[in-house]
Amino acid sequence: MNLGIKGKNALVTGGSHGIGLSTASALAEEGCNVALCSRGKERLEAARGMVLSKGTQCLAIQADVLVPEDIDRVVEKVIGEWGYIDILINNAGGGGRWGSDDILETPEKVWTEVYDKNVFAAVRFTVKILPYMKQRNWGRVITISSIHGKQAGGRPWFNLAKCAETVLMKNLSMKPEFIRHGITFNSIAPGRIMIPDTGWCQEQEANPIEFQKMIDRELPLGRLGTPEEVASVVVFACSQNASLLNGASIVVDGGECRVF
Ligand SMILES: NC(=O)c1ccc[n+]([C@@H]2O[C@H](COP(=O)([O-])OP(=O)(O)OC[C@H]3O[C@@H](n4cnc5c(N)ncnc54)[C@H](OP(=O)(O)O)[C@@H]3O)[C@@H](O)[C@H]2O)c1
């Protein structure tokens with residue numbers, strides 16, 4: 001299928017690892033130029049090399065999405081170099097393991113930082129980039145939420161932030177001032193995704209028997225998802241073919257979520 005996005009300019013926040021990296025790779029394979037931002041220089045440079053190897057342009061910008069000035073700087077850099085951004089992937093986020101299971105002992109800072117990292121980063125990037133999409137009468141804004149943006153569960157600060165991300169995309173999807181300029185807003189809601197060197201991987205290594213029991217009990221597919229499986233849905237949602245997809249929250253979880 002020709003997805004019709006060759007030559008588009010994309011920005012993937014948190015694009016140096018996991019779902020963001022797989023999304024950057026899949027967008028580059030479709031011929032998009034890809035800008036990435038994240039904090040760690042080494043992984044960012046490796047990600048840049050990966051995008052360049054696909055034959056498209058890449059900007060790799062060191063930035064922390066918890067710092068509003070960094071977000072401004074990322075957008076200014078990409079606009080300064082390329083003039084416009086067609087596709088925004090609000091991927092940087094997380095915080096599902098921040099704090100502790102003891103909610104009463106978890107400081108308020110955890111609640112605010114998880115909200116800032118997921119929701120306010122997405123708000124700031126989206127608001128800054130929308131005028132450029134409007135000028136070009138085309139745009140795709142995708143936010144990587146979670147099945148905990150659809151159903152209750154997990155630590156409450158994460159559940160709260162992911163629900164807010166889902167609502168943010170839905171709310172914007174109902175605004176004619178954007179939609180009638182060819183801009184769509186959707187969220188992608190992954191279930192448990194196995195990513196090297198991150199939480200699920202560490203849990204599996206620490207306690208393989210309990211981890212397998214969790215899989216047998218909670219994951220109909222009998223395994224966690226992969227970042228590539230999420231990225232392929234993200235890229236379709238970015239495509240020309242997805243022009244009627246707007247305001248959706250697409251679950252990509254192998255059947256894990258209880259909501260229908
Ligand atoms: N993995 C799952 O099971 C799962 C399930 C549902 C939803 N999600 C969501 O999917 C998204 C990506 O998660 P992931 O599991 O792919 O994460 P990951 O593998 O840990 O990658 C996170 C990426 O974001 C960057 N990042 C982290 N904090 C940042 C910050 N403050 N500023 C800028 N960049 C930052 C990281 O690079 P640096 O650390 O170098 O900055 C890295 O590139 C998140 O929104 C997460 O909530 C994940």
Side-chain angles (χ1 to χ4, degrees), residues 11-26 34-48 50-51 60-75 88-98 112-122 124-125 142-151 153-155 157-166 168-169 187-204 211 214-215 218-219 223-231 233-234 249-254 256-257:
L11 168 62
V12 183
T13 73
S16 69
H17 197 253
I19 293 168
L21 180 62
S22 292
T23 300
S25 169
V34 185
L36 315 160
C37 69
S38 63
R39 296 164 305 176
K41 196 169 180 186
E42 214 170 289
R43 289 201 309 204
L44 203 49
E45 277 310 307
R48 181 168 173 273
M50 181 277 298
V51 171
I61 307 157
Q62 237 181 323
D64 184 343
V65 301
L66 279 168
V67 179
E69 296 74 22
D70 277 18
I71 293 179
D72 293 348
R73 184 170 50 77
V74 169
V75 176
L88 167 63
I89 313 292
N90 289 311
N91 166 74
R97 288 181 184 75
W98 291 13
T112 56
E113 282 204 354
V114 172
Y115 203 83
D116 278 353
K117 185 171 181 179
N118 289 271
V119 187
F120 263 104
R124 289 185 176 115
F125 276 110
I142 309 279
T143 298
I144 309 300
S145 58
S146 158
I147 56 170
H148 288 122
K150 307 275 288 183
Q151 67 177 13
R155 291 186 175 161
W157 35 91
F158 183 72
N159 205 178
L160 181 70
K162 290 306 192 185
C163 285
E165 284 186 329
T166 309
L168 173 67
M169 291 297 98
S187 53
I188 303 294
R192 274 169 261 212
I193 306 300
M194 182 57 89
I195 293 165
D197 311 322
T198 61
W200 296 124
C201 203
Q202 287 150 7
E203 276 189 32
Q204 186 178 37
F211 197 79
M214 177 278 288
I215 289 177
E218 296 177 30
L219 305 184
R223 63 170 176 84
L224 280 75
T226 67
E228 293 78 16
E229 287 173 308
V230 178
V233 180
V234 176
S249 173
I250 304 171
V251 171
V252 188
D253 72 341
E256 178 185 350
C257 183

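Indexing begins at 1, ligand by ligand and atom by atom, following the structure's order.
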Partners meeting side chain to side chain contact (heavy atoms under 4.5 Å, CB included) with [X] (sequence neighbours left out):
| X | value |
| --- | --- |
| Arg39 | Asp64 |
| Leu168 | Ala122, Val123, Leu172 |
| Cys163 | Asn159 |

Between Arg124 and Glu69, is there a side-chain N and carboxylate O pair less than 4.0 Å apart?
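No, Arg124 and Glu69 are not salt-bridged.
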Ion pair Glu229/Arg223, N-O distance below 4.0 Å:
yes
Using a 3.5 Å cut-off on N/O to N/O, what pairs does ligand 1 make with the protein? A line per pair would be great.
from     : atom 1 : to     : atom 2 : distance (Å)
ligand 1 : 3 (O)  : Ile193 : N      : 2.9
ligand 1 : 3 (O)  : Ile193 : O      : 3.4
ligand 1 : 3 (O)  : Trp200 : NE1    : 3.0
ligand 1 : 16 (O) : Ile19  : N      : 2.8
ligand 1 : 19 (O) : His17  : ND1    : 2.7
ligand 1 : 28 (N) : Arg39  : NH2    : 3.3
ligand 1 : 28 (N) : Lys117 : NZ     : 2.9
ligand 1 : 31 (N) : Asp64  : OD1    : 2.8
ligand 1 : 32 (N) : Val65  : N      : 2.8
ligand 1 : 37 (O) : Ser16  : OG     : 3.4
ligand 1 : 37 (O) : Arg43  : NH2    : 3.4
ligand 1 : 39 (O) : Arg39  : NH2    : 2.8
ligand 1 : 39 (O) : Arg43  : NH2    : 3.2
ligand 1 : 40 (O) : Gly40  : N      : 2.8
ligand 1 : 41 (O) : Arg39  : N      : 2.7
ligand 1 : 41 (O) : Arg39  : NE     : 2.8
ligand 1 : 43 (O) : Gly14  : O      : 3.3
ligand 1 : 43 (O) : Ser16  : N      : 3.1
ligand 1 : 43 (O) : Ser16  : OG     : 2.7
ligand 1 : 43 (O) : His17  : N      : 3.2
ligand 1 : 45 (O) : Asn91  : O      : 2.8
ligand 1 : 45 (O) : Lys162 : NZ     : 3.0
ligand 1 : 47 (O) : Gly94  : N      : 3.3
ligand 1 : 47 (O) : Lys162 : NZ     : 3.1

When you compare the side chain of Gln62 with that of Leu44, does any pair of heavy atoms fall below 4.5 Å?
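Leu44 reaches Gln62 side chain to side chain.
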